[in-house]
Amino acid sequence: MKFKKPRGTQDLLGKYMEKWSSVEERITGILRSYGYLEIRTPIFEVSDLFVRTVGESSDIVTKEMYMFKDKKGRRLTLRPENTAPVMRAYLENGLQRQGGISRFYYMGPMFRYDRPQAGRYRQFHQIGAEAIGTSNPAIDAEIINLSMDIYRAFGFSSLQVRLNSVGCMKCRGEYMGFLREKLEEYKPELCDDCRQRTDTNPLRVFDCKTCVSVKEKLPTITDHLCEECNEHFEKLCAILKQMGVDFVIDPLLVRGLDYYTKTAYEIVCPELGAQNALCGGGRYDGLASELGGVSIPAVGFSAGMERLMQILPDELDKSETTMTRAYFVVFDDKCSIQAMVLADRLRSAGFVAYVDFSMRSIKKQLKSASTRGYDYAVFVGQKEIEDKEVTLKNMESGDQVTVSFEKLVSYFSEKGVVGIE
RNA sequence: GUGGGCGUAGUUCAGCUGGUAGAGCCCUGGAUUGUGGAUCCAGUUGUCACGGGUUCGAAUCCCGUCGUCCACCCCA
């Protein structure tokens, strides 16, 4: 074959796709139970939207954006993240005039031109939520609890929440100045990268794995928060404790995107290897004004689909009910036409019906029915057409019965749904 | 963008210090002329990633490209 999928992308199919969509369904169920409503924004946006909000010097902007020009020369980019687009949509649609809090959830592909590795793709998928319109720390707690609920729903009880406050424009600025001074002091002990970071983004020094001894001597942001930020942080911690959400304060947690203020958090899973963040989020009170609107506070998170899939077992226990599935085994054209008519009746009654037109041997067709996991094989052959009945085979027990064409649907209805455990 | 491992059948892999390609699974047919999940028998499957070099001879050694995996940077 001549063509291959582009680097860092993947085909979702078969059992994996089944698992994927049932995971999506379970998550959106939780999001909806919190009253979040779905929002879908374009896959691409004007490049400036990301350049301005994510940060000129960020890795995303400097090397990871899929940027292109359309036929009119407009600079567009495939979205690398979805918080800015959601805020853009909020403002563009005038939702701030509705007052109160707008709660959205989204899911879909994001694009970053990174080097692929375990748990990292160029096209990857995120499910996230944004709560726009209040600076009340209670909603930060709601967001954190909501994201934890997602993992709890899949049976993860011991994932760790790492929490920090990165301050606001004001106190972070002051703190950064102070941090730079300290870094200058320790400059001889720093690695080359960290010397560079001292100027470009001093907070990143905390992420460095070599300058461990220096890090311990550096002032942490949590000790330099302004009163407002400090109060916000303390209230949030108190609410989380009351809700019984376990968390660890990590003053070294820094989020890569510029628009974060105050709350920053991450849910990590040690089993994942180098890319161990399952979910990241925080508050971004400065984003709306950056987009040219009024200042509007907001919090949100986004969770990586691929990474969740990776830690989930292949077979999820199906709590949702599945309809009985019938596989029609046919022998010739006449049989298949009759089978289509019968299959349609079953479908209108809400069952799944599949007609095998391959004309292969019975053996093959039955084999196919069982590997595809059908509950019943329905034989429609010469004999059956003459007697106006089908032979029904229960694929699990192997038992067979004959049922007239007329009674087929009612037979299935009486059996009801299967798959409830 | 940087570093390392790996590219052989649809798939998972074997193939020694160079001598002309193999196994399991899958698939197809049969034992069972209209009955799956078990067993047995038979059969098909290849640009050895691509391009160049060394050699009488390269899947094997060397170089380059591409892909893939892992790590760094960074992030979901």
Side-chain angles (χ1 to χ4, degrees), chain A residues 1-10 14 54-55 57-64 79-83 107-128 147 150 191-194 196-197 200-201 203-204 207-210 253-257 266-269 272-281 300-311 327 329-332 335 356 358-384 390-400:
Chain A
M1 223 272 290
K2 251 172 152 175
F3 297 101
K4 280 184 176 171
K5 63 183 182 298
R7 184 153 203 215
T9 63
Q10 47 185 341
V54 174
S57 68
S58 68
D59 275 31
I60 289 182
V61 170
T62 55
K63 56 180 193 184
E64 292 175 4
R79 61 182 187 196
E81 62 98 32
N82 209 31
T83 298
M107 59 185 182
M110 306 294 156
F111 306 84
R112 290 183 203 171
Y113 190 87
D114 237 5
R115 192 101 172 235
Q117 85 186 62
R120 190 163 73 194
Y121 301 88
R122 287 184 173 179
Q123 176 177 336
F124 60 103
H125 299 78
Q126 288 186 330
I127 296 192
S147 56
I150 290 172
C191 69
D192 290 348
D193 282 344
C194 285
Q196 181 78 36
R197 289 178 182 129
T200 55
N201 197 346
L203 286 174
R204 296 269 175 83
D207 289 330
C208 183
K209 269 141 204 157
T210 49
L253 175 69
V254 179
R255 308 254 75 230
L257 315 182
E266 218 166 67
I267 299 174
V268 296
C269 173
L272 274 172
Q275 261 58 52
N276 65 1
L278 276 173
C279 167
F301 75 88
S302 73
M305 243 335 243
E306 285 82 358
R307 289 181 192 178
L308 174 57
M309 289 290 285
Q310 205 181 328
I311 56 169
Y327 190 106
V329 174
V330 301
F331 303 84
D332 57 34
C335 298
D356 186 333
S358 71
M359 304 299 166
R360 292 184 301 176
S361 65
I362 311 311
K363 201 181 164 118
K364 292 294 158 209
Q365 295 191 48
L366 271 175
K367 192 170 180 175
S368 157
S370 71
T371 55
R372 288 164 202 255
Y374 279 78
D375 305 304
Y376 287 92
V378 187
F379 292 86
V380 183
Q382 294 304 337
K383 207 167 60 186
E384 282 81 0
V390 296
T391 304
L392 250 185
K393 179 179 179 118
N394 181 315
M395 292 303 282
E396 202 178 340
S397 64
D399 297 341
Q400 284 187 199

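A, B, ... follow the sequence lines: proteins, then strands. Residue 1 opens every chain.
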Original post:
Hey, does the side chain of A:Gln117 come within less than 4.0 Å of B:A71's phosphate (OP1/OP2), counting only N and O?
Top reply: yes

Original post:
side chain to side chain donor-acceptor pair (under 3.5 Å) with A:Asp114: which residues, sequence neighbours excluded?
Top reply: A:Arg120

Original post:
From the list B:A76, B:C74, B:U35, which nucleotide is the closest neighbour of the side chain of A:Gln275?
Top reply: B:C74

**OP:** Compare side-chain N and O positions of A:Arg112 against OP1 and OP2 of B:C75 and report whether any pair is under 4.0 Å apart.
**Re:** no

**OP:** Starting from Watson-Crick (N1-N3 plus N6-O4 or O6-N4) and G-U wobble pairs under 3.5 Å, report the runs of at least three that RNA chain B belongs to.
**Re:** B:1-7 with B:66-72, B:10-13 with B:22-25, B:27-31 with B:39-43, B:49-53 with B:61-65

Enumerate all atom pairs, one protein N or O and one N or O from nucleotides 1-12 of chain B, separated by less than 3.5 Å.
{"from": "B:U2", "atom 1": "O4", "to": "A:Arg115", "atom 2": "NH1", "distance (Å)": "2.6"}

**OP:** Give the nucleotide from the list B:C74, B:G34, B:A76 with an atom nearest to the side chain of A:Ala277.
**Re:** B:A76

Original post:
So does A:Gln365 reach the base of B:U35 with its side chain, donor to acceptor, closer than 3.5 Å?
Top reply: no

Original post:
So which nucleotide from B:G34, B:C70, B:G36 ends up closest to the side chain of A:Phe379?
Top reply: B:G34

Original post:
With sequence neighbours excluded, what pairs up with A:Gln123 under the side chain to side chain donor-acceptor pair (under 3.5 Å) test?
Top reply: none

Subject >> Residues which pass side chain to side chain donor-acceptor pair (under 3.5 Å) with A:Ser368, listed by chain and number, not counting sequence neighbours >> reply: A:Tyr327, A:Arg372

Polar atom pairs (N or O), protein with nucleotides 28-31 of chain B, under 3.5 Å:
{"from": "B:U28", "atom 1": "OP1", "to": "A:Arg360", "atom 2": "NH1", "distance (Å)": "3.1"}
{"from": "B:U28", "atom 1": "OP2", "to": "A:Lys364", "atom 2": "NZ", "distance (Å)": "3.1"}

Subject >> Distance-only donor-acceptor test, A:Glu64 side-chain atoms vs B:C75 base atoms, 3.5 Å >> reply: no

